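This report concerns only the one structure given below.
Numbers here simply count residues along the sequence, with the first being 1. Quick caveat, the model's predicted, so the values are computed rather than measured.
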Amino acid sequence: MKREIYNALKAWKSSEDRKPLILDGARQVGKTWIIKEFGEREYQKVAYLNCDRLAEMKTLFYDFDVKRLLRAFSSIVDMPILPGETLIILDEIQEAPGGITALKYFCEEAPDYHIICAGSLLGINLHSGTGYPVGKVDELRMFPMTFEEFLDATGNSVLLEEMKRRHWEELSPMSVKLVDLLRQYYYVGGMPEVVDCYVRTQNLHKVREIQNRILKDYHLDFARHVPTDQLPRVTAVWDSLPSQLARDNKKFIYGVIKKGARAREYENAIQWLLHAGLVHKISRVNSIQRPLKFYEDVSAFKLFILDLGLLGALVDVSAREILTEENFFVEYKGAFTEQFIAQEMLASNYKLYYYSKENSPLEIDFIIQKEFIYPIEVKAEENLKSKSLRSVYSENSSLKPVRFSMAGYKEQDWVINVPLYLARVWMEGAD
């Protein structure tokens, strides 16, 4: 399967200022596979060392003698490690005390050696005795497969190329097929193992079994990595996510977790899930002006799960509901559709916000700042009424409102309607 991050890895390799690279992201988003694939295709040799499975890696970084460490790596993989020719992969580096700190010394003393470290965020920022080498590493973050990557994996690469040409009207006859593919993506999601199973077998029951196993693995990770006093709170926040997203106003409410819950009780639990890459936090802004960061209200936020397919598995939505029911997109108060847009935009590394007014029903689902500011409304139906968008535009005509919906592409004098299946392609071409 093709992953978009591959091009970023090639750019890292060719960079004159290349530093050791940390590839992070949640477990099972495909980090190990992509770096092995990259190494095999772009280097003469790959020295793969799993810091979790190789016992000697857990005690190897007792000092930061780079020459000694390189000799040790070479002896473990039983091959010479040559600068520029061998890719050194340190997988699950968070399991090797001192491993992350050692990257500073590789950057300073052995810059000709190419090193990629993969690590789930589970435990990295909480790992005792680990000093993060600020300024001495490059970083990339990996997400589940996007809808575009899903299209390519399912044999729709020609259709994907047509989408990227941005000839919107010419895509109109393909809308039925694209909506059907979007429904498939809503069910399967973007976890690579799940997508691979679906492509090979088309077995929807097997797809759900793998999704449920991944969710079970995450719970096992909670037990392994979360501090004992925080474990019940992390689990409670995680289990509350479907209920949070099924609300009309998707602002995170602590009272949904349990009656009387307070922010101070659950702040660390939410932070842990963020570090793990299992949730994404979208903060509120109280004014739609540049720079948006100035107007961020960190006390009000939405939480989205990392993957659309896993959300479906969490709430046990059936394949029949997603793939065939006419009104599915508007069920559950549009939770799946807003999750889809958040997931697509985050994978493009956009900083997302949302906007709302106190004591008012007015809310803008997402705000993105590029050269212009884009207020985004997400609709899980074809209804094109947009009172909130119209309201904010009437106050500031420099905004570029956009509506993602199930309707076709349409340019109006003040807003552009973009079909949901074109959301990411369209946004990447916007100013």
Side-chain angles (χ1 to χ4, degrees), residues 1-12 23-42 116 118 120 140-166 171 174 177-202 204 206-207 210-211 214 277-278 280 304-313 322-323 336-337 339-350 352 404 418-430:
M1 293 184 290
K2 294 179 182 178
R3 300 301 305 270
E4 294 171 5
I5 202 170
Y6 192 92
N7 289 332
L9 292 172
K10 289 178 68 175
W12 168 79
L23 179 64
D24 63 26
R27 290 196 185 278
Q28 304 188 57
V29 295
K31 299 184 301 296
T32 298
W33 180 85
I34 195 64
I35 56 178
K36 282 185 172 180
E37 179 79 1
F38 173 67
E40 290 170 1
R41 291 173 60 178
E42 305 294 337
I116 297 181
S120 305
L140 285 175
R141 190 173 188 186
M142 194 166 185
F143 296 88
M145 296 174 70
T146 64
F147 181 55
E148 292 171 56
E149 290 175 317
F150 177 81
L151 289 178
D152 188 79
T154 52
N156 291 283
S157 58
V158 174
L159 181 57
L160 178 58
E161 288 303 313
E162 289 298 317
M163 292 166 60
K164 290 183 176 181
R165 289 190 180 97
R166 302 175 60 81
L171 286 167
M174 303 302 298
K177 180 175 183 178
L178 283 163
V179 169
D180 179 61
L181 287 164
L182 185 61
R183 283 179 176 270
Q184 294 174 48
Y185 183 69
Y186 270 40
Y187 183 80
V188 176
M191 302 304 281
E193 183 182 359
V194 180
V195 175
D196 178 64
C197 172
Y198 181 66
V199 171
R200 288 185 296 102
T201 70
Q202 297 290 298
L204 298 173
K206 185 65 175 177
V207 162
I210 297 173
Q211 290 169 335
I214 291 173
L278 299 182
H280 301 294
F304 292 92
I305 194 172
L306 79 157
D307 179 65
L308 190 63
L310 294 183
L311 175 61
I322 296 177
L323 296 175
F336 283 84
T337 298
Q339 165 72 37
F340 168 69
I341 293 298
Q343 194 170 320
E344 291 283 281
M345 298 300 108
L346 289 165
S348 293
N349 294 311
Y350 294 122
L352 290 181
F404 296 137
V418 179
L420 287 169
Y421 49 77
L422 295 176
R424 186 164 179 258
V425 176
W426 186 89
M427 200 71 228
E428 287 179 339

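Judged by distance alone, the side chain of Tyr187 and the main-chain N or O of Leu204 form a donor-acceptor pair under 3.5 Å. The closest donor-acceptor contact from the side chain of Gln339 to the backbone of Leu311 lies at 3.5 Å or more, if one exists at all. Not a single donor-acceptor pair under 3.5 Å links the side chain of Thr201 to the backbone N or O of Tyr198. With hydrogens and angles disregarded, a donor-acceptor distance shorter than 3.5 Å links the side chain of Gln211 to the backbone of Val188. Of the possible donor and acceptor atoms, one in the side chain of Arg183 sits under 3.5 Å from a partner among the backbone N and O of Ile322. No side-chain donor-acceptor contact under 3.5 Å links Asp307 to the backbone of Gly189. In this structure, the side chain of Tyr350 engages the main chain of Met427 through a donor-acceptor pair within 3.5 Å.
Taking all atoms of both residues into account, the shortest heavy-atom contact from Ile210 to Cys197 is CD1-CB, 3.6 Å. Between Met142 and Leu23, the closest heavy-atom pair is CB-CD1, 4.1 Å. The minimum heavy-atom distance between Met145 and Tyr185, with the atom names listed, is O-OH, 2.6 Å. When every heavy atom of Arg3 is checked against every heavy atom of Ile34, the shortest pair comes out as CB-CD1, 3.9 Å. Minimum heavy-atom separation, Ala153 to Val195: CB-CG1, 4.0 Å. Heavy-atom minimum distance, Thr146 versus Ala347: CG2-CB, 3.6 Å.
Residues Val194 and Ile214 form a side-chain contact, since some pair of their non-hydrogen atoms from C-beta on lies under 4.5 Å apart. Looking at Met163 and Leu178, their side chains come closer than 4.5 Å, going by heavy atoms from C-beta outward.
Among residues two or more places apart in sequence or in another chain, the side chain to side chain contact (heavy atoms under 4.5 Å, CB included) test is passed with Ala118 by Lys31, Ile35, Asp91.
Ion pair Arg424/Glu4 flagged as a salt bridge, since at least one NZ, NE, NH1 or NH2 atom sits closer than 4.0 Å to an Asp/Glu carboxylate oxygen. Look at Lys2 and Glu149 and you find no salt bridge, because none of the NZ, NE, NH1 or NH2 atoms lies under 4.0 Å from a carboxylate O. With salt bridges taken as basic N to acidic carboxylate O contacts below 4.0 Å, none links Lys36 and Glu40. A salt bridge links Arg41 and Glu37; the closest N-O separation between the charged side-chain nitrogens and carboxylate oxygens is under 4.0 Å.
In summary, of the residues considered (Phe38, Trp12, Trp33), a ring pair (Phe, Tyr, Trp, His ring centres under 6.0 Å) with Tyr6 occurs for Phe38 alone.
Separation of atoms CD (Gln343) and CG (Leu306) is listed at 7.0 Å; rounding is to 0.5 Å. Summarising the geometry, atom CG belonging to Leu171 is positioned 8.0 Å from atom CE belonging to Met174; distances are rounded to the nearest 0.5 Å. Taken to the nearest 0.5 Å, the OH atom of Tyr421 stands 9.5 Å off from the CG atom of Leu182. How far CZ of Phe404 is from CH2 of Trp426: 6.5 Å, rounded to the nearest 0.5 Å.
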(message) With side-chain contact (heavy atoms from CB on, under 4.5 Å) as the criterion, how do Val425 and Val418 come out once you've worked through the C-alpha distance, each side chain's angles and the decisive distance to 0.1 Å?
(response) CA-CA 10 Å; Val425 176; Val418 179; over 6 Å; no
(request) Any chance you could lay out the side-chain contact (heavy atoms from CB on, under 4.5 Å) test for Ile5 and Leu140, step after step, and finish with the verdict? (result) CA-CA 8 Å; Ile5 202 170; Leu140 285 175; 4.3 Å; yes
(request) For Phe304 and Leu346, run side-chain contact (heavy atoms from CB on, under 4.5 Å): C-alpha distance rounded to whole Å, both residues' side-chain angles, the deciding distance at 0.1 Å, then the answer. (result) CA-CA 11 Å; Phe304 292 92; Leu346 289 165; 5.7 Å; no
(request) I would like to know whether Phe147 and Leu181 meet side-chain contact (heavy atoms from CB on, under 4.5 Å); could you show each step before the answer? (result) CA-CA 9 Å; Phe147 181 55; Leu181 287 164; 4.2 Å; yes
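Below 30°, between 30° and 60°, or above 60°: for Phe143 and His280 the angle between ring planes is between 30° and 60°, a tilted geometry.
In this structure, a donor-acceptor pair under 3.5 Å is present between the side chains of Ser348 and Glu428.
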